[in-house]
Amino acid sequence: MNNKTVNVLVAGAGGFIGGHLIEFLLAKGYRVRAVDKKPQTQWYQRNTSIENLTLDLSLLPNCYTAMQGIDEVYNLAADMGGMGFIENNKALCMLSVLINTHLLQAAKDVGAKRFFFASSACVYAAGKQLITDVTALKEADAYPAEPEDGYGWEKLFSERMCRHFREDFGIAARVARYHNVYGPFGTYAGGREKAPAAICRKVIEAKMSAKHEIEIWGDGEQTRSFMFIDDCLKGTFDILQSDWHEPINLGSNQMVSINQLVDIVEGIAGIKLKRSYNLNAPKGVRGRNSDNELIKQVFGWEPSIKLIDGLRQTYAWIEQEMKGSGSGKSVVNLY
């Protein structure tokens with residue numbers, strides 16, 4: 001089938017990854033329908049040359065509306081954010097299970113061929129993430145199940161839904177476990193931002209205010225890996241188009257502490273800040289990193305964009321927005 005005849009649905013199109021994914025797919029010649037429950041004025045990127053729909057996909061009738069004539073689905077839609085949001089909104093995170101369940105049901109009924117579900121490293125057993133120098137997480141480490149409460153359970157359950165719709169109904173369902181995706185055109189304030197954007201914002205605020213201080217959540221020694229958006233897009237596309245049907249890690253294996261993350265952003269900004277540590281703030285697991293042996297084995301590739309290179313682009317965009325010289329959080333691309 002020629003790309004130009006393939007109709008693709010991007011659910012969660014108004015979000016950070018969704019906006020980038022739409023431009024990626026359009027560049028490859030796909031016909032894209034974009035759907036998000038947020039008003040379109042709040043989308044991070046919006047392409048006016050395609051069909052943009054505002055629908056709450058937790059409701060089954062809306063999923064049928066969105067799915068009409070669709071061949072392939074990228075389900076990125078979820079009520080989520082950084083650790084501050086996830087730890088304090090477990091019920092809202094769990095309710096996202098309705099989105100994937102109803103999208104799968106509609107995909108089956110309209111005859112969609114391929115279905116991508118954006119899962120998360122939060123599905124992994126908490127008992128394997130108790131130290132900073134953590135052993136990188138392999139796909140098998142999701143079981144016996146002990147995921148992050150709320151958000152992690154929703155993702156793990158939705159993975160199983162994808163598996164059984166594949167086995168029972170023949171939908172080519174594919175699952176990637178994202179590890180901390182970051183980049184420009186995303187949330188950097190308001191409570192839903194993730195660590196790279198939050199640190200960039202805090203450093204820029206300190207520089208702009210001349211109050212050279214920064215608050216860090218936890219003791220700063222907790223470890224993570226962070227994947228730049230361009231690697232996420234390539235991996236997401238390749239996984240959906242492949243024959244590989246088991247959940248697979250999609251993340252960088254460049255593990256850093258939060259203190260090291262601050263070091264890098266300070267270096268980009270050309271500033272050193274006095275650090276204070278909020279030990280009562282949400283901080284998640286002690287350590288987490290992506291084991292990439294499986295994705296290298298299956299695809300001969302792994303995310304490889306260096307953290308400093310991705311952070312330079314992210315920092316520059318957030319600084320532009322905060323100084324008021326950008327176009328705002330909603331970017332309209334006219335084609």
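- Ion pairing between D219 and R286 holds under the 4.0 Å rule for side-chain N and carboxylate O.
- Across T5 and R31, no two heavy atoms sit closer than the pair O-NH2, 3.8 Å.
- In this structure, M255 belongs to a hydrophobic cluster whose other members, linked by side-chain heavy atoms under 4.5 Å apart, are V134.
- Ring geometry for H179 versus Y124: interplanar angle of 30 to 60°, hence tilted.
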Apply side chain to side chain contact (heavy atoms under 4.5 Å, CB included) to L307 and L261, showing your working. CA-CA 9 Å; L307 183 58; L261 179 64; 4.2 Å; yes

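- A donor and an acceptor atom, one from each side chain of N47 and S49, are located under 3.5 Å apart.
- In terms of modelled atom types and a separation under 3.5 Å, the side chain of Q222 and the main chain of G220 share a donor-acceptor contact.
- Annotation for A281 and W217: closest pair CB-CG, 3.3 Å, computed over non-hydrogen atoms.
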Could you walk me through whether F237 and Y74 satisfy the side chain to side chain contact (heavy atoms under 4.5 Å, CB included) test, starting with their C-alpha distance in whole Å, then the side-chain angles of each, then the deciding distance to 0.1 Å, before giving a yes or no? CA-CA 9 Å; F237 179 80; Y74 290 88; 3.4 Å; yes

I would like to know whether Y30 and D71 meet side-chain hydrogen bond (donor to acceptor under 3.5 Å, both in side chains); could you show each step before the answer? CA-CA 11 Å; Y30 287 87; D71 303 300; over 6 Å; no

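- Between the side chains of Y178 and T236, a donor-acceptor pair is found at a separation under 3.5 Å.
- N100 pairs by the side chain to side chain contact (heavy atoms under 4.5 Å, CB included) definition with N75, L104, F115, F117, S158, M161, C162, not counting sequence neighbours.
- Closest non-hydrogen pair, I229 versus G183, comes out as CG2-CA, 4.4 Å.
- The side chain to side chain contact (heavy atoms under 4.5 Å, CB included) search around P247 returns E159, V175, R177, not counting sequence neighbours.
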Please step through salt bridge (charged side-chain N to carboxylate O under 4.0 Å, His left out) for the pair D263 and R275, ending with a clear verdict. CA-CA 11 Å; D263 289 341; R275 302 180 186 186; 2.4 Å; yes

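- Listed for the N7 side chain is a donor-acceptor partner under 3.5 Å among the backbone atoms of G69.
- Under the side chain to side chain donor-acceptor pair (under 3.5 Å) criterion, K207 pairs with no residue at all, not counting sequence neighbours.
- Listed for the R174 side chain is no donor-acceptor partner under 3.5 Å among the backbone atoms of D238.
- Using modelled atom types, one side-chain atom of N180 and one backbone atom of S225 make a donor-acceptor pair closer than 3.5 Å.
- Partners of E146 under the side chain to side chain contact (heavy atoms under 4.5 Å, CB included) rule, at least two apart in sequence or in another chain, are A125, A126.
- With hydrogens and angles ignored, the 3.5 Å screen pairs a side-chain donor or acceptor of S242 with a backbone N or O of I239.
- Heavy atoms of other residues, nucleotides or ligands lying less than 6.0 angstrom from CZ of F157 number 12 at most.
- One finds the CG atom of L98 at 9.0 Å from the CG atom of D56 (value rounded to the nearest 0.5 Å).
- Within a 6.0 Å radius of NZ in K306, other residues, nucleotides and ligands contribute 12 heavy atoms or fewer.
- In this structure, H20 and F185 have perpendicular ring planes: the angle between them is above 60°, well past the 30° mark.
- Across L311 and P196, no two heavy atoms sit closer than the pair CD2-CB, 4.0 Å.
- No side-chain donor-acceptor contact under 3.5 Å links D231 to the backbone of E302.
- Shown here are the side chain to side chain contact (heavy atoms under 4.5 Å, CB included) partners of Q313, two or more places apart in sequence or in another chain: P184, F228.
- Not a single ring pair (Phe, Tyr, Trp, His ring centres under 6.0 Å) links H102 to another residue, sequence neighbours left out.
- Just one of K155, K128, R288 meets the salt bridge (charged side-chain N to carboxylate O under 4.0 Å, His left out) condition when paired with E148; it is R288.
- S252 pairs by the side chain to side chain donor-acceptor pair (under 3.5 Å) definition with nothing, not counting sequence neighbours.
- Contact between L103 and A11 at its shortest, heavy atoms only, is CD1-CB, 3.9 Å.
- Enclosure of atom NZ in K113 is not indicated, since only 12 or fewer non-hydrogen atoms of other residues, nucleotides or ligands lie within 6.0 angstrom.
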If you apply the rule side chain to side chain contact (heavy atoms under 4.5 Å, CB included), what do you find for V110 with Q68, and how did you get there? CA-CA 7 Å; V110 304; Q68 291 304 311; 3.8 Å; yes

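- Without hydrogens or angle criteria, R46 side chain to A34 main chain gives no donor-acceptor distance under 3.5 Å.
- A donor-acceptor pair is defined here as one N or O able to donate and one able to accept, closer than 3.5 Å; such a pair exists between the side chain of D36 and the backbone of G14.
- Rounding to the nearest 0.5 Å gives a distance of 8.5 Å between CG of L25 and CG of L233.
- Remark: the backbone N or O of L273 is paired with a side-chain donor or acceptor of E266 at under 3.5 angstrom.
- Residues C93 and E154 have side chains not in contact (no heavy-atom distance under 4.5 Å, counting atoms from C-beta outward).
- Residues satisfying the ring pair (Phe, Tyr, Trp, His ring centres under 6.0 Å) test with F165, not counting sequence neighbours, are F169.
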Could you go through the side chain to side chain contact (heavy atoms under 4.5 Å, CB included) check for Y188 and I204 one step at a time? CA-CA 11 Å; Y188 60 86; I204 294 164; over 6 Å; no

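- Scanning for side chain to side chain donor-acceptor pair (under 3.5 Å) contacts around E167 gives R163, H164, with sequence neighbours left out.
- W244 has its ring centre no less than 6.0 Å from the ring centre of F299.
- Contact check on E205 versus K202 returns no salt bridge, with no Lys/Arg side-chain nitrogen under 4.0 Å from an Asp/Glu carboxylate oxygen.
- The aromatic rings of Y182 and F226 lie perpendicular to each other, with more than 60° between the two planes, well past the 30° mark.
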Begin with the C-alpha distance, continue with both residues' side-chain angles, and end with the deciding distance and a verdict on side-chain hydrogen bond (donor to acceptor under 3.5 Å, both in side chains) for S290 and N292. CA-CA 6 Å; S290 177; N292 285 350; 2.7 Å; yes

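- Considering all non-hydrogen atoms of both residues, L156 and V123 come closest at N-CG1, 3.7 Å.
- Taking the side chain to side chain donor-acceptor pair (under 3.5 Å) definition, one finds that T223 meets it with nothing, sequence neighbours left out.
- Checking side-chain atoms of E193 against main-chain N and O of G191 turns up a donor-acceptor pair under 3.5 Å.
- A donor-acceptor contact closer than 3.5 angstrom links the side chains of Y44 and T187.
- The 12-atom threshold is not exceeded at CG of D243, counting heavy atoms of other residues, nucleotides or ligands nearer than 6.0 Å.
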Check: residues 136-145 side-chain donor-acceptor pairs under 3.5 Å, at least two apart:
unit_1, atom_1, unit_2, atom_2, d
K138, NZ, D291, OD2, 3.1
E139, OE2, N249, N, 2.8
D141, OD2, K138, N, 2.8

